Asker: 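I have a structure I would like to understand better, so I am pasting it below and will then ask my questions one at a time.
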Amino acid sequence: MNLWEECKGLQDYIVGIRRTLHQIPELGTDLPKTQAAICAELDKLGIPYKKNVGDSGLIGTIQGGKPGKTILLRADIDALPIQEDTGLPFASKHEGRMHACGHDTHAAMLLGALRVLNEHRAELAGNVKFVFQTGEEVCKGAKVAVKEGVMDGVDAVFGMHIGSIFEGMPLGSFAIAPGCIMASFDRFVLTVKGTGCHGSTPEKGVDPITIASNIVLSLQEVIAREIAAPKAAVLTIGKIAGGFAYNVIPNEVVIEGTIRAFEDPVRQHLAKRIGEIGKGVAATFRGGCDFEMDWGAPPVVNDDAMAKLAAEAAAKALGRENVVTAFNPVMGGEDFAYYLEKAPGAFMALCSVNPEKHADAPHHNPKFDVDEDVLYRGSVVFVSIVEEFLGR
């Protein structure tokens, strides 16, 4: 009997953990309640782990009964600063915080897999390392985990994301492909400096709102006229803050945005030009501009061999019709990319969209939800990959 078949009987267990975690969403890298809940479950299962020093993450290893390679399985566990509007009986109890990206399910699916793998550890020809990672949404957690030694001795790494990452997938199917599947994601901040004055006498000051408006429009020309059409890229302004009264010209305006790219040269060019344009436009209108680049994660690039192994493992467990291996990469980003820089591996997506059961709301939406009936499949595929990679 294949080990992954035992995961089918853990559906209620996985759903229960998901609902527990869904009610206690926490932000960033400090997740004490989430960490405590996961630790309690690992303790029940008798699975050894250690708490990170730098954040609320957890790293552990299930030692196999036979010598062999080491595989790493990853789940992220942080939430988002969003007020939940799903109406679920197990909705968030934390005001203004919500698991609107499915990280609660990621943790639950990994725990389901670990439960089965730990019960059969004597049969494994190698070791299963695991990480419950903080701060994916702020692109901090993977870096902390790497610093804590999560990649030490790892031969391959795998992770998964739930929801509707890649369009057109059937409910319960997996998307697993070689090469670049997700873009880099970085944040930038432009602080436009002016000279405040009364709104009735703008000639006595330097208007940073006008300067910021010109910068925003000018930045879009980078995508339109400086990036070759086949080189996909995105430059989005998500936040502008400035001013405090209708008749007062303020001293400064802050612009925040993000860039996305599939190739590092494009990523570097975007960052360079944002700084140049911000400073240049501001100088044209007698102002100034400070530029800050908050580098996030590089593109997610799956190893060809590991993506093929994961696809075969998923097909073996769920049927080939439930595995999609050809799809367009997306502009969403993932700090799982940092693990892939250290060892070959693959990042996958499990489709959980079912409009008949819940609103078809996108990730990071107050109404985001998943079809819980597919959760056991995440555990199934994790365990099948371990069996495929390590052997028994």
Side-chain angles (χ1 to χ4, degrees), residues 11-12 14-28 31 33-34 37 75-112 133-139 141 159-175 182-183 185 187 234 236-239 256-258 260 324 327-328 330-336 347-379:
Q11 171 68 5
D12 290 344
I14 298 166
V15 169
I17 292 174
R18 182 257 169 155
R19 293 185 177 187
T20 295
L21 295 176
H22 191 84
Q23 296 178 69
I24 54 171
E26 297 170 294
L27 308 179
L31 319 174
K33 291 185 179 180
T34 304
D76 44 4
I77 58 177
D78 59 318
L80 287 156
I82 294 174
Q83 181 62 41
E84 182 163 355
D85 187 26
T86 60
L88 293 170
F90 52 90
S92 170
K93 295 179 179 179
H94 294 171
E95 190 75 16
R97 287 175 282 173
M98 176 192 175
H99 272 295
C101 205
H103 296 186
D104 51 338
T105 71
H106 300 170
M109 293 187 294
L110 178 54
L111 280 167
Q133 176 212 304
T134 72
E136 188 279 326
E137 298 293 353
V138 293
C139 198
M160 67 177 66
H161 205 300
I162 202 165
S164 56
I165 301 295
F166 303 102
E167 295 183 2
M169 290 173 54
L171 176 66
S173 64
F174 270 83
M182 301 182 80
F185 71 106
R187 168 180 167 266
V234 169
T236 293
I237 306 298
K239 182 180 178 181
E256 293 186 53
T258 184
R260 309 293 171 112
V324 180
F327 48 84
N328 293 323
V330 296
M331 282 296 170
E334 245 287 351
D335 70 355
F336 186 81
F347 194 63
M348 311 162 281
L350 167 59
C351 180
S352 64
V353 178
N354 188 349
E356 295 182 4
K357 287 190 175 183
H358 57 82
D360 189 10
H363 295 83
H364 294 213
N365 184 285
K367 292 185 180 294
F368 175 80
D369 195 13
V370 303
D371 185 341
E372 292 179 325
D373 288 347
V374 305
L375 295 188
Y376 78 92
R377 293 184 171 221
S379 300

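This one's a predicted model, so the numbers in the text were calculated from it and none came from an experiment. In this chain, numbering begins with 1 at the start of the sequence shown.
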Asker: Rounded at 0.5 Å granularity, tell me how far CE in Met160 sits from CG in Leu350.
Answerer: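 Spacing of CE (Met160) from CG (Leu350) equals 7.0 Å.
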Asker: Rounded to the nearest 0.5 Å, how far does CG of Asp369 lie from CG of Leu88?
Answerer: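 It comes to 4.5 Å.
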Asker: Yes or no on side chain to side chain contact (heavy atoms under 4.5 Å, CB included) for Leu375 and Gln11, after CA distance, side-chain angles and deciding distance?
Answerer: CA-CA 7 Å; Leu375 295 188; Gln11 171 68 5; 4.2 Å; yes
Asker: What closest approach, in Å, do Val138 and Gly28 show between heavy atoms, and which atom pair accounts for it?
Answerer: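 Where Val138 meets Gly28 most closely, the heavy atoms are CG2-CA, 4.2 Å.
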Asker: Sequence neighbours excluded and cut-off under 3.5 Å, please list the side-chain donor-acceptor pairs for residues 161-169, or say none.
Answerer:
none

Asker: Closest heavy-atom contact between Leu110 and Ala75?
Answerer: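 Minimum heavy-atom separation between Leu110 and Ala75: CD2-CB, 3.6 Å.
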Asker: Can you name the closest pair of heavy atoms from Gly172 and Val374 and give their distance?
Answerer: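 Nearest heavy atoms, Gly172 then Val374: CA-CG1, 3.8 Å.
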Asker: With a 4.5 Å cut-off on side-chain heavy atoms, are Glu334 and Asp76 touching?
Answerer: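 Yes; the side chains approach each other to less than 4.5 Å.
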Asker: Heavy atoms only: give me the nearest Ser379-Gly112 pair and the separation to one decimal.
Answerer: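 That closest heavy-atom pairing would be OG-CA, 3.7 Å.
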Asker: Looking at Thr86 and Pro366, what are the two nearest heavy atoms and their distance?
Answerer: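 Between these two residues, the closest heavy atoms are CG2-O, 3.5 Å.
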Asker: State whether the side chain of Thr258 and the backbone N or O of Arg187 hold a donor-acceptor pair below 3.5 Å, judged by distance alone.
Answerer: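 Side chain of Thr258 to backbone of Arg187: no pair is present.
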Asker: In sequence, state the C-alpha distance, the side-chain angles, and the governing distance for Phe174 and Arg377, and then conclude on side chain to side chain contact (heavy atoms under 4.5 Å, CB included).
Answerer: CA-CA 9 Å; Phe174 270 83; Arg377 293 184 171 221; 4.3 Å; yes
Asker: Distance check, rounded to the nearest 0.5 Å: His364 atom NE2 versus Ile82 atom CD1?
Answerer: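 One gets 6.5 Å once the value is rounded to the nearest 0.5 Å.
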Asker: Do side-chain atoms of Glu137 reach the backbone of Leu27 as a donor and acceptor pair under 3.5 angstrom?
Answerer: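 Between the backbone of Leu27 and the side chain of Glu137 there is no qualifying donor-acceptor contact (under 3.5 Å).
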Asker: Check each of His99, Glu84, His103 against His22 using the side-chain hydrogen bond (donor to acceptor under 3.5 Å, both in side chains) test, and report the only one that passes.
Answerer: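 It is Glu84; the other options fail the test.
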Asker: State which residues pass side-chain contact (heavy atoms from CB on, under 4.5 Å) with Arg19; sequence neighbours excluded, sorted by chain then number.
Answerer: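 Arg19 satisfies side-chain contact (heavy atoms from CB on, under 4.5 Å) with Val15, Phe90, Glu372 once adjacent residues are dropped.
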Asker: Take a 6.0 Å sphere around CG of Asp12 and say whether it holds more than 12 heavy atoms from other residues, nucleotides or ligands.
Answerer: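 Incorrect, the count does not exceed 12.
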Asker: Check the pair Leu80 / Met98 against side chain to side chain contact (heavy atoms under 4.5 Å, CB included), numbers first and verdict last.
Answerer: CA-CA 5 Å; Leu80 287 156; Met98 176 192 175; 5.7 Å; no
Asker: Kindly give the heavy-atom pair with the smallest separation between Ala175 and Phe327, and that separation in Å.
Answerer: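 Looking at all heavy atoms of both residues, the shortest contact is CB-CE2, 3.6 Å.
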Asker: Less than 4.5 Å apart, any side-chain heavy atom of Cys101 and any of His363?
Answerer: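 A side-chain contact exists here, since the closest heavy-atom pair is under 4.5 Å.
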Asker: Is the shortest heavy-atom distance from the side chain of Gln133 to the side chain of Phe336 under 4.5 Å?
Answerer: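 Side chain of Gln133 against side chain of Phe336, heavy atoms only: no contact under 4.5 Å found.
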Asker: What pairs meet the salt bridge (charged side-chain N to carboxylate O under 4.0 Å, His left out) rule with one or both residues in residues 85-112, with sequence neighbours excluded?
Answerer: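 Sorted result for residues 85-112: Arg18-Asp104, Asp85-Lys367.
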Asker: Quick check: does any side chain N or O of Arg260 sit under 3.5 Å from a backbone N or O of Ala183, one acting as donor and the other as acceptor?
Answerer: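 Not at all, since once roles are kept as given, no pair shorter than 3.5 Å links the two residues.
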Asker: Report the distance from atom CD1 of Ile24 to atom OG1 of Thr34, rounding to the nearest 0.5 Å.
Answerer: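 Answer for the CD1-OG1 pair, Ile24 versus Thr34, is 4.5 Å.
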Asker: Once you round to the nearest 0.5 Å, how far does OG1 of Thr134 lie from CG of Leu31?
Answerer: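 Nearest 0.5 Å value for the OG1-CG distance: 5.5 Å.
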Asker: Within the distance-only criterion (no hydrogens, no angle test), does the side chain of Thr236 pair as donor or acceptor with the backbone N or O of Gly238 below 3.5 angstrom?
Answerer: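 Here the side-chain-to-backbone pair does not exist.
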